[in-house]
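Here the structure is laid out as structure tokens; the discussion comes afterwards.
Numbers restart at 1 for each chain; the letters A, B, ... are given by sequence-line order, proteins then strands.
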2 protein chains.
Amino acid sequence: MPYDPSAFPPFAVTVDLVVLTVRRHALCALAVRRGEAPFQGRWALPGGFVRADEDLAQAAARELAEETGLRVHDPAVPAQDNGAHLEQLATYGDPERDPRMRVVSVAHLALAPDLPAPRAGGDASNARWAPVEELLQQGGYGRDGEPVAPLAFDHAQILSDGVERARSKIEYSSLATAFCPPEFTVGELRRVYEAVWGVALDPRNFHRKVTGTPGFLVPTGGTTTRQGGRPAQLFRAGGATLLNPPMLRPEV
Amino acid sequence: MPYDPSAFPPFAVTVDLVVLTVRRHALCALAVRRGEAPFQGRWALPGGFVRADEDLAQAAARELAEETGLRVHDPAVPAQDNGAHLEQLATYGDPERDPRMRVVSVAHLALAPDLPAPRAGGDASNARWAPVEELLQQGGYGRDGEPVAPLAFDHAQILSDGVERARSKIEYSSLATAFCPPEFTVGELRRVYEAVWGVALDPRNFHRKVTGTPGFLVPTGGTTTRQGGRPAQLFRAGGATLLNPPMLRPEV
DNA sequence: ATCATAGTCGTCTGCCTGACGATAAACACT
DNA sequence: AGTGTTTATCGTCAGGCAGACGACTATGAT
């Protein structure tokens with residue numbers, strides 16, 4: 001039986017990106033300003049159409065590179081921290097989510113260290129890192145006193161889902177190291193957890209926990225004082241991806 | 001600026017279902033036999049096209065009802081166990097995954113108690129519950145001595161991802177109760193964990209754990225001897241959805 | 001009556017965590 | 001040079017939880 005094109009409705013398929021990083025003690029996401037209708041001028045998550053010959057992960061990696069210049073970390077080279085972490089998040093397909101047409105968006109979650117300045121086609125004013133709480137608050141006013149407009153489309157929901165994924169995933173995996181530069185201290189890693197979870201952690205217990213989990217951290221031998229205070233040992237991410245037992249997010 | 005249809009390639013969007021249940025001490029998945037090319041005669045996961053006016057979750061619920069008669073559990077009626085658990089799993093969009101055309105499939109995971117006989121359009125021979133290990137083994141021979149053909153398309157990957165999701169999710173949520181009838185005993189719940197994880201659990205420690213977790217189980221007052229031995233208390237699923245601390249899957 | 005089966009309650013020990021004291025090693029002052 | 005501040009790191013102690021396992025209970029089967 002030949003294939004019948006009238007048997008199904010055509011869809012547009014896009015990838016949207018929740019790109020998270022930690023800047024100045026706050027969990028931040030990459031937002032781009034929309035240049036066209038609908039939601040013209042509003043902030044949105046970066047994304048774009050999946051091309052005809054492209055896998056979903058490829059499309060997400062391409063969009064990530066276009067927006068940030070980040071390459072995706074290659075799991076085949078675990079010792080070498082050569083880029084960001086990227087994983088599929090969820091898919092959003094409400095018939096009304098885009099007023100123009102039927103669009104199904106496969107959202108991806110990317111975690112990156114705080115290095116690159118955003119660039120949306122070279123125009124810095126159209127892309128920025130913003131604290132997720134600022135992007136997610138409905139109404140009210142931002143840090144600069146300007147009124148805050150909600151994110152375009154259903155992107156507030158997508159961002160919220162991505163943040164929740166990141167929050168829960170650093171509990172039982174070593175993913176928090178994806179927010180760190182290739183070499184980092186225990187204190188820097190702790191500040192990642194504190195920023196993502198929005199809590200304060202006991203430095204002594206945290207130190208005991210992460211240095212005591214086999215395969216989580218590998219000492220490089222070096223030390224640094226870039227955080228001030230007593231010099232701290234430098235570590236790389238170890239081979240372990242699953243933490244057992246997990247880091248427990250404090251209650252309340 | 002008007003919308004330009006030539007700006008993106010058209011996709012077909014489908015939902016595929018990983019429907020899991022526990023039968024005879026084994027984790028089983030629903031499989032349907034393909035009636036047409038490609039992969040004619042091979043076993044596949046149930047699924048179908050998303051309709052033009054339908055949300056992804058609606059499409060999955062519709063397919064689930066068509067294949068099994070199961071209704072989806074409505075979270076608005078938590079006390080009433082009125083159907084199966086359904087959640088989005090992941091999306092698969094390799095350009096080569098369907099030889100006919102570009103198809104993006106949004107896989108969903110459904111967990112159901114062991115009640116309904118499968119029905120694929122009323123034809124029982126074209127649908128069956130099969131142990132997941134049997135569906136996932138490559139080559140070799142099944143329990144009945146027949147050669148085992150791999151699942152159609154990338155459905156082995158989808159099934160494998162769904163099983164892994166279920167295995168990890170019953171650790172930290174009360175989802176295992178979705179495999180049980182509305183009223184069940186601690187022993188029946190333990191056999192669910194044992195079947196899904198493929199391990200043996202200590203009945204005494206399991207009993208202490210599940211009865212000691214607030215909100216997990218609610219005693220109904222009744223007892224049953226349907227499993228033989230001393231009568232066991234009957235429970236319903238409590239309101240708690242997240243288990244803290246989680247059930248720990250034994251190592252090894 | 002005896003046995004087999006399942007369920008339920010306890011005990012003990014070791015591990016992990018949270019709370020927190022104490023010390024160490026840098027820098028910024030004065 | 002000394003003093004204070006900051007951050008890192010080590011130790012101690014008590015409570016909670018999990019794994020191992022003994023003991024007892026209440027059914028049906030033989």
Of the listed nucleotides D:dA20, D:dT9, C:dA6, the one nearest the side chain of A:Arg230:
D:dT9
Would you indicate which nucleotide in C:dC16, C:dG7, D:dT9 comes nearest to any side-chain atom of B:Gln227?
C:dG7
5' precedence on DNA chain D between A:Arg208 and A:Pro231 (nearest-nucleotide basis)
A:Pro231
Which comes earlier along DNA chain D counting from the 5' end, the contact point of B:Arg249 or that of B:Gly229, where each point is its nearest nucleotide?
B:Arg249
Does the structure place the NZ or CZ of A:Arg24 under 6.0 Å from the centre of the six-membered ring of A:Trp129, at an angle of no more than 45° from the ring's axis?
no
Mind listing the residues from residues 184-206 of chain B sitting with a heavy atom below 4.0 Å of DNA chain D? Number order is fine.
B:Asp202, B:Arg204, B:Asn205
Would you kindly say whether A:Asp16 and A:Tyr92 are connected by a side-chain donor-acceptor distance under 3.5 Å?
no
Rounded to the nearest Å, what distance is computed from the [atom1] atom of residue [X] to the [atom2] atom of nucleotide [N]?
| X | N | atom1 | atom2 | value |
| --- | --- | --- | --- | --- |
| B:Arg226 | D:dA26 | CZ | C1' | 17 Å |
| A:Leu243 | C:dT17 | CG | P | 11 Å |
| A:Leu234 | D:dT7 | CG | P | 17 Å |
| B:Asn244 | D:dG16 | CG | C1' | 13 Å |

A:Asp114 side chain reached by A:Thr21 side chain, heavy atoms, under 4.5 Å
yes
OP1 or OP2 of D:dT9 under 4.0 Å from side-chain N/O of A:His207
yes
Does B:Lys209 make a side-chain N or O approach to OP1 or OP2 of D:dA18 shorter than 4.0 Å?
yes
By salt bridge (Lys or Arg N to Asp or Glu O under 4.0 Å), which residues pair with A:Lys209, not counting sequence neighbours?
none
Is B:Arg167 reaching over with its side chain to a backbone N or O of B:Val196, donor-acceptor style, under 3.5 angstrom?
yes
Salt bridge check: are B:Glu164 and B:Arg249 linked by an N-O gap of less than 4.0 Å?
yes
